[in-house]
Protein chains: 2
Amino acid sequence: MSAAKEILERLAGDSLPDWHLVESALRRKTLASGECLFLVGVAHPVVYFVKSGVIKMVYETYDGDAWVKAFAAEGRFFASIAGLSPGGVTSFSAVAACSASVESLPYHLLDQLGDKHPQWQRALRKGFELYGFRKEARERDLLTLSAEERYQRFIEEYPHIAERVTDRDIAGYVRVTPVALSRIKARIKLRQMDDRLDI
Amino acid sequence: MSAAKEILERLAGDSLPDWHLVESALRRKTLASGECLFLVGVAHPVVYFVKSGVIKMVYETYDGDAWVKAFAAEGRFFASIAGLSPGGVTSFSAVAACSASVESLPYHLLDQLGDKHPQWQRALRKGFELYGFRKEARERDLLTLSAEERYQRFIEEYPHIAERVTDRDIAGYVRVTPVALSRIKARIKLRQMDDRLDI
DNA sequence: ACCGCTCATTAACCTAGGTTAACGCTGACC
DNA sequence: GGTCAGCGTTAACCTAGGTTAATGAGCGGT
């Protein structure tokens, strides 16, 4: 059975009708590390589901830095919400942070299914609710934690992602430069050694 | 006509049935500046609508700083998404940033209306979609802009809020200390004077 | 085996912002 | 009218992180 279906039905709390429509619209794509799924600033009303690997969503600034908005690993849906609504364009790019495979689905199909079946509308609503919940947490981390705390939390919370992406990308997620991240790691290691000596 | 109703029906793209249920569940509350609507860490499945004034949503850290997650002014809905789901607790506090009046609505009513009427489910979904869109923008600002840029963007984008809340709260939103914000303002003013002399 | 690439680390220097403290202003409350 | 508390500003000092550059390790391509 499709992993995506299972996740959506858990969201809806119900079985989802017309799944065959999803099945036939679904496109599978395999990506090498560094390969781009979509670029910032384009109309792209598509929702993705990660089958394997890690996708990073990045904001590129005018002066060439790339900050990592979020990672999506196996079992996660993602999309640029700004790029979903008619006339909207994506607000970030999506790039494979390691070799990955994804499934894609045109958003208008989900929208139609939502209008047709309350179960689907509910699944979508719960999906956005969950998205809002996650964004709240990310916003809180960016507002209230120091760079070092954000790094520590990231590797504790997402070890399965941390071990597969480069330190450079982790730095982009923590919102420091790779140089600063290297210093932070050295600082933590030093402190751990001190702690051991203190016993 | 209720301003909240108008906004919700625009989201749904349709008229909303059973509005009388909302009408009779709605509670109005007036708040003096600094008065608290709800505290962090409590079960609070309530959605608010701002009739007048400005509400600030704040994260309190263990060492006593208060960072401003967001402001909500007239015409905005808000809630702690984490506090909406059964068993969840609010992830921030809501406090009046100036004298304000709000309407409140138990979330379970909206949830029920959503299960009962597709128009409501759609309104809720669109509401969360909009919330996600806003959170995406906030996250991007925190990730890609400097403190000074965040301040400039805030006063340009929300002048009607900036003029009514304290600099202290603006600093909390921009994610700097009040002292640093004062320096930033001085820096900007100095540059503007230089610009004028350069003509 | 060699080249060339990207990545992680380290050092040196610089800057923005945090911290603490002092000062003046305003507005609420006796 | 006097007192007090909170706010915004400024100054002095400190620290975390940005910037630039050099170094070395790993690795795919030839």
Side-chain angles (χ1 to χ4, degrees), chain A residues 32-36 54 56 58-59 61-68 95-99 141-155 161-193, chain B residues 32-36 54 56 58-59 61-68 95-99 141-155 161-193:
Chain A
S33 180
E35 210 175 326
C36 181
V54 182
K56 61 179 172 185
V58 302
Y59 291 121
T61 65
Y62 50 90
D63 51 351
D65 311 351
W67 298 112
V68 176
V95 179
C98 61
S99 56
D141 287 355
L142 286 170
L143 268 178
T144 65
L145 301 182
S146 67
E148 184 173 330
E149 289 168 320
R150 287 198 297 273
Y151 172 68
Q152 295 254 38
R153 178 158 305 187
F154 175 71
I155 55 170
I161 294 181
E163 69 195 5
R164 281 185 289 170
V165 305
T166 62
D167 278 13
R168 191 183 199 77
D169 284 339
I170 296 177
Y173 182 82
V174 171
R175 218 252 112 121
V176 293
T177 58
V179 179
L181 181 63
S182 186
R183 273 192 297 237
I184 287 172
K185 284 167 64 180
R187 210 156 64 206
I188 291 172
K189 199 190 285 178
L190 195 68
R191 247 203 316 268
Q192 284 174 346
M193 281 165 59
Chain B
S33 179
E35 210 173 327
C36 181
V54 181
K56 63 180 172 184
V58 303
Y59 291 121
T61 64
Y62 49 90
D63 50 354
D65 313 352
W67 299 112
V68 176
V95 179
C98 59
S99 56
D141 288 355
L142 285 170
L143 268 178
T144 64
L145 301 182
S146 66
E148 184 173 329
E149 289 169 319
R150 286 198 300 272
Y151 172 67
Q152 296 253 37
R153 176 157 305 186
F154 175 70
I155 55 171
I161 294 180
E163 69 196 5
R164 281 186 288 171
V165 304
T166 62
D167 277 15
R168 193 183 198 77
D169 284 339
I170 296 178
Y173 183 82
V174 171
R175 218 255 112 122
V176 292
T177 59
V179 178
L181 180 63
S182 185
R183 273 194 297 239
I184 288 172
K185 283 167 64 180
R187 210 155 66 205
I188 292 172
K189 200 189 285 179
L190 195 68
R191 248 199 320 264
Q192 284 175 346
M193 283 165 58

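Just so we're on the same page: letters track the sequence lines, and every chain starts at 1. Computed from a predicted structure; not experimentally measured.
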Check ion pair A:D169-A:K56 (N to O, under 4.0 angstrom):
yes
Any A:K185 side-chain N or O less than 4.0 Å from OP1/OP2 of C:dT9
yes
Quick check for you: name the first and last nucleotides of DNA chain D, 5' to 3', having an atom under 4.0 Å from a heavy atom of chain A.
D:dG17 to D:dT20
Please confirm whether the backbone N or O of B:P178 pairs with a side-chain atom of B:R168, one donor and one acceptor, at under 3.5 Å?
no
Are side-chain heavy atoms of B:R191 and B:I188 found at a separation under 4.5 Å?
yes
Do the non-hydrogen side-chain atoms of A:V176 and A:Y151 ever get within less than 4.5 Å of each other?
no
Contact check, side chains of A:I161 and A:F154, non-hydrogen atoms, under 4.5 Å
yes
Please state how far atom CD1 in A:I170 lies from atom C1' in C:dC7, giving the value in whole angstrom units.
13 Å
B:L181 or A:R175: which one's nearest nucleotide on DNA chain D is closer to the 5' end?
B:L181
State whether the side chain of B:E35 and the backbone N or O of B:A32 hold a donor-acceptor pair below 3.5 Å, judged by distance alone.
yes
What nucleic acid atoms does B:T166 come within less than 4.0 Å of, heavy atoms only: base, sugar-phosphate, or nothing?
sugar-phosphate
